[in-house]
Amino acid sequence: MPDTPDIQQRILALTERLHHLNYLYYQQDTSEVSDQEFDQLLAELQRLETEHPDLAQPNSPTRRVGGTITKQFPTAVHRYPMLSLGNTYSEDDLREFDERVQRGLEGAPYSYVCELKFDGVAMSLSYEHGQLTQGVTRGDGTRGDVVTPNVRTIKTLPLALRPGPDQPQDFEVRGEVFMPLPVFAELNAEREQNGEALLANPRNAASGTLKLQDSTQVAARKLRFYAYALLTPGRHFASHSAALEALSRYGLPVSDTWRRASGIEEVLEFVHYWAKKRFDLPVATDGIVIKVDDLRQQDQLGYTAKSPRWAIAYKYPAEAARTRLNEVIYNVGRTGAVTPVAMLTPVPLAGTVVKRATLHNANQIELLDLRLGDTVYVEKGGEIIPKITGVDLSARPAEATPIKYPTECPACGTPLVRPEGEAHFRCPNERGCPPQLKARLEHYVSRKALNIDGLGAETVGRFFDLGMVKTVADIYDLPARRPELVTLERLGEKSIDNLIAGIEASKQVPFPRVLFGLGIRYVGETVAQKLAAHYRSIDALMAASAEEMAAVPEVGGVIAVAAAHWFQQAENRELIERLRQAGVQLAVTGEAPVPASDRLAGLTFVISGVFENHSRDELQQLIISNGGKITGSISKKLSYLVAGDNMGPAKREKALGFKVPIISESELMALLPNPDESPAADAAIDAPITAGPREQGSLFS
Ligand code: IVH
């Protein structure tokens, strides 16, 4: 039995060797050893680490598959905000982009880098002294979920980098986590066999996988990663292409599809080349990203409110497929809206097999003059769920039957209504229609509402199915029903503890989010904030008439009528009483004005210099009203330095020294929520089969 220093040596040697073999295998597609030898080395390391846990390296190759994590993910603030890209859909748009770049650079020569736009989940990775220390999802662009254990299961991702003389000590890698198409196909085939719901596309599959709590399950899903950016506090490389090359040298996976382009003509060649070829790749792509190569020129071009002026995404036109419409089923959403869904003969389309498509509403069925048995055209057009865009009338069989839109709710049998001017039929049985009740519970516990830890949509849905919870007030009775909970399968003591703690914690959630969580039609996040700020308590709100509410800025007549009606219902008043008894926040606390959002909660800012569009006071006000804090001095703990013109060099130096991100006025604006909130936007929540709002909003997805 060798003594400890020998064992330590052996562990280090094995670790290094296995990292090297992983690099060869996953990056270079070669191997110096057989699979068996590799497994033997790994097993030896595993054994030594088990016997001497204190000697195990934090980034050991054995730690790719972690154990079970039982808590939700912690969050972290992005050092550099994760912005989005402007989208274009035509070559003309691309040429216009090029003209803007040309003007912005005032005639100086420039070149581009063209990359494929991978359709996965944006990820920010931190490497410190060559070691992977953290993986954070985009989240809202400012703050994301820390999913490091899950990211570590990505086999092509080095936990330790290959050293290089130009390697920055600490840096961030941005890239896309994706599920390879064959893995996705296999996963869905398996799910189908098990009678489980199919995943809409590889992007959803990747994003769902990253959110799994058990990293052994994540490892089984075989995610991959492509790096497309390297971020350091100063400017470490002269060009983006140099950074990409460095990333490859360090052992990070960079798709070798990227090219330099000396001008827009070469960019277009790249676009044409990949238009069809991209379907041969084992990864879903939805376009091309074009970036100005020179980093100094990138700085010169700067940012708009949402995205860089030095880059743009070109999206390929949606691919269409032809298939047969076999059946139409009807889903009922949270506010009772009935959405028809077309069931199709499965057809491959842009990398996935399409089996269903949304029909939006009855109007669309009429407009398309759809019949069962028709041959239809389906498009994916960037939507998660494909849609039917046309009918091939020449292929209509004689027996094609007109679609009879139901007159009764498919879930509860109540006669449907179609209010004047609305596209959707609705089930008016708000209080008895199971899918509506269930969706309301799911909304209440969701992240933007009460965000109840340990009580996700699935669990609350299960409680509903078991008849244990019907309304949101019933949630607060759960802690007292522990004896019943412990009898449920797949719900361990620990989960129950989490659930109860989560319910308890939800009593501290501020009033505006509770108001949003009630799921009143049209009362989205912003409207809830406006109403809460104006009335300050639910009692004042309940006492207000529709006319009064309509006078509150940003609360229109339609919203006011819906809200006033909701508060007049005896059942809803009773519900509120029960929430009050439970201790849920039903009033604004303290004197402070209700923030316009909590987007910047936990972040501190220093504002310095002169700004183009706002005064410093206005910027301060904006930050405070969105939950952020202003401070005067730059420290390690500062989240952002907002820099305008004429900012002193000392401040910049100090911020750089502390690695505090320096952002511009427009980058600050990009951190703030979009002010849009309309009844139309809220109605989108109703569509039951979409997997939540598109992630491609104003920020990275
Ligand atoms: S660069 C400032 N390069 O596209 C934005 N993004 O809206 C810099 N994406 O979800 C982004 N492939 O994750 C860049 N080669 C690529 C990309 C890429 C996919 C995604 C990104 C984000 C969205 C940008």
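Both counts, for ligands and for their atoms, begin at 1 and track the order of listing. The residues of the chain are indexed from 1 along the displayed sequence. Given the structure is predicted, the values throughout are model-derived calculations rather than measurements. The basis for the numbers below is simple: all heavy atoms, side chains too, and nothing from hydrogens, waters or symmetry mates.
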Please determine if [X] has a nitrogen or oxygen closer than 3.5 Å to a nitrogen or oxygen of ligand 1.
X: G175; value: no
X: Y228; value: yes
X: V289; value: no

Please test Y316 against Y314 for ring-ring contact (aromatic ring centres under 6.0 Å, His included), starting from the C-alpha separation and ending with a verdict. CA-CA 7 Å; Y316 285 112; Y314 168 82; 5.4 Å; yes
Check [X] against ligand 1 and report side chain, backbone, both or neither, counting heavy atoms closer than 4.0 Å.
X: K117; answer: both
X: L85; answer: both
X: A122; answer: both

Just by distance, do the side chain of R513 and the backbone of A449 share a donor-acceptor pair under 3.5 Å? yes
Has the side chain of R278 got a donor or acceptor atom that lies under 3.5 Å from a matching backbone atom of A275? yes
Ionic contact status for R95 with E265, cut-off 4.0 Å: yes
Count the heavy atoms of every other residue, nucleotide or ligand shown that sit under 6.0 Å from CZ of R79, and state whether that count exceeds 12. yes
Would you say [X] contacts ligand 1, with heavy atoms under 4.0 Å as the rule?
X: K291; result: yes
X: D119; result: no
X: A229; result: no

Is the shortest heavy-atom distance from the side chain of K155 to the side chain of R224 under 4.5 Å? yes
R174 and L125, any side-chain heavy atoms less than 4.5 Å apart: no
E115 heavy atoms, cut-off 4.0 Å: which ligand 1 atoms fall inside? 3 (N), 15 (N), 16 (C)
Within ligand 1, which atoms have a heavy atom of P308 less than 4.0 Å away? 2 (C)
Across all chains, not counting sequence neighbours, the side-chain hydrogen bond (donor to acceptor under 3.5 Å, both in side chains) partners of S608 are none
